[in-house]
Amino acid sequence: MEIRDLYDVNRLPTGLTGVRGEKPPEGCYHMVIHICIFNSEGKMLIQKRQSTKTGFPDMWDVTCGGCSIAGETSRDTVRRELKEELGLDLSFADTRPNLTVNFDNGFDDFYLINRDIDLASLTLQAEEVQAVRWASLDEIFTMIDDGSFIPFFKSFVQLLFDVRSKPDCLDM
């Protein structure tokens, strides 16, 4: 059971906590993060979720993602999730998310990173990740169409690819 901090509509801590998987009380929100790593060829590192996952099993997703736990900042969460799921240990000190998407029950911070990574050097978390690969925007669009990629809006995925080339995107 993971305990997470809850925030108000202004993203200020309420001092309350909630249990992962349970809907927050009215007026409270939780935080999640996503990381999108792009290589020098302009492809995104994507992961295939394990078949045992309750949400979107056996589907392809962006590089990494997850919920914050109590006491974590967004930066703490992004570092932990990247280390857990892919074995990458990167510092996010003084880094802000490139995008934040509000959804019904929370805030979703997206961090965009430009970095060439040798896929063989990754350590995949067996409980979470089946496989990883590099994919172009067109390949991801095809996967969304055929139902093998998590159902993101294509326009949002396009935005991720567009924003990654901006100067404030991390070159790590």
Side-chain angles (χ1 to χ4, degrees), residues 11 30-69 72-103 106-172:
R11 200 173 173 152
H30 70 276
M31 179 173 42
V32 298
I33 59 87
H34 281 92
I35 306 147
C36 301
I37 298 177
F38 296 90
N39 66 15
S40 56
E41 296 176 6
K43 294 182 176 182
M44 183 192 295
L45 178 60
I46 61 173
Q47 67 160 273
K48 189 170 187 182
R49 297 166 60 85
Q50 279 294 1
S51 58
T52 55
K53 296 290 292 175
T54 54
F56 305 109
D58 290 318
M59 294 184 79
W60 289 93
D61 195 356
V62 298
T63 308
C64 183
C67 293
S68 65
I69 56 177
E72 284 186 331
T73 65
S74 176
R75 289 187 307 273
D76 295 335
T77 305
V78 75
R79 185 171 190 182
R80 176 181 53 80
E81 288 289 346
L82 196 56
K83 178 77 172 153
E84 285 177 0
E85 292 186 14
L86 302 179
L88 286 174
D89 190 11
L90 303 176
S91 173
F92 289 86
D94 301 320
T95 301
R96 294 184 315 148
N98 297 85
L99 301 165
T100 298
V101 176
N102 296 312
F103 60 97
F107 311 96
D108 191 345
D109 288 340
F110 279 79
Y111 292 82
L112 309 180
I113 299 170
N114 291 309
R115 185 178 184 136
D116 287 321
I117 295 172
D118 176 11
L119 299 185
S121 72
L122 299 177
T123 304
L124 307 184
Q125 183 181 22
E127 302 81 16
E128 299 270 341
V129 183
Q130 292 184 48
V132 292
R133 64 174 274 224
W134 294 104
S136 69
L137 178 62
D138 288 340
E139 289 171 313
I140 293 173
F141 281 179
T142 298
M143 296 166 84
I144 290 171
D145 287 340
D146 71 20
S148 63
F149 201 92
I150 287 184
F152 281 105
F153 290 113
K154 286 183 182 179
S155 58
F156 184 71
V157 176
Q158 177 74 58
L159 179 65
L160 296 173
F161 273 79
D162 290 344
V163 171
R164 71 150 174 94
S165 62
K166 299 297 180 207
D168 59 346
C169 188
L170 300 175
D171 289 316
M172 299 181 107

Which atom of S136 lies closest to which atom of F161, heavy atoms considered: C-CZ, 4.0 Å
The single option from V78, L88, N98, L90 passing side chain to side chain contact (heavy atoms under 4.5 Å, CB included) against I113: L90
Under 3.5 Å donor-acceptor, N114 side chain and R164 backbone: yes
Polar side-chain atom of Q50 near backbone of A126 as donor-acceptor pair, under 3.5 Å: yes
Whether R49 side chain and G55 backbone form a donor-acceptor pair below 3.5 Å: yes
Enclosure of D94 CG (heavy-atom neighbours >12, cutoff 6.0 Å): no
Least distance between heavy atoms, L119 atom then R133 atom: CD1-CA, 3.8 Å
Can you give each donor-acceptor pair under 3.5 Å made by side-chain atoms of residues 41-48, sequence neighbours left out, with the distance rounded to 0.1 Å?
from, atom 1, to, atom 2, distance (Å)
Q47, NE2, T63, O, 2.8
Q47, NE2, E85, OE1, 2.7

Non-hydrogen atoms of G66 and T77 that approach each other most closely: O-CG2, 4.3 Å
Verdict with reasoning, F141 to Q158, per side-chain contact (heavy atoms from CB on, under 4.5 Å): CA-CA 9 Å; F141 281 179; Q158 177 74 58; 4.0 Å; yes
M31 side, atom CE; F107 side, atom CZ - distance, nearest 0.5 Å: 9.0 Å
Nearest atoms (heavy-atom pairs only) where M59 meets P151: CE-CD, 4.3 Å
F103: side-chain contact (heavy atoms from CB on, under 4.5 Å) partners, not counting sequence neighbours: H30, V32, N105, D108
Spacing of SG belonging to C67 relative to CD belonging to E72, to within rounding of 0.5 Å: 10.0 Å
Reported CD1-to-CZ distance for the pair I69 and R80, which is rounded to 0.5 angstrom: 4.5 Å
Derivation of the side-chain contact (heavy atoms from CB on, under 4.5 Å) call for I37 and L82: CA-CA 10 Å; I37 298 177; L82 196 56; 4.2 Å; yes
Donor-acceptor under 3.5 Å (D109 side chain, S74 main chain): no
Short N-O contact, D61 and K53, less than 4.0 angstrom: no
Test log, rule side-chain contact (heavy atoms from CB on, under 4.5 Å), inputs W60 and I140: CA-CA 9 Å; W60 289 93; I140 293 173; over 6 Å; no
Flag, side chain of T95 to backbone of A93, donor-acceptor distance under 3.5 Å: yes
CZ-CD1 distance between F92 and I35, expressed to the nearest 0.5 angstrom: 5.5 Å
Shortest non-hydrogen separation from P57 to S51 and the atoms involved: CB-O, 3.4 Å
side-chain contact (heavy atoms from CB on, under 4.5 Å) between I117 and L86, intermediate numbers included: CA-CA 11 Å; I117 295 172; L86 302 179; over 6 Å; no
Flag side-chain contact, heavy atom, 4.5 Å: R75 against I33: no
From CG (N102) to CZ (R11), nearest 0.5 Å: 8.0 Å
Backbone of T142 reached by a side-chain donor or acceptor of D145 within 3.5 Å: no
Parallel, tilted or perpendicular: ring planes of F152 versus F149, cut at 30 and 60 degrees: tilted
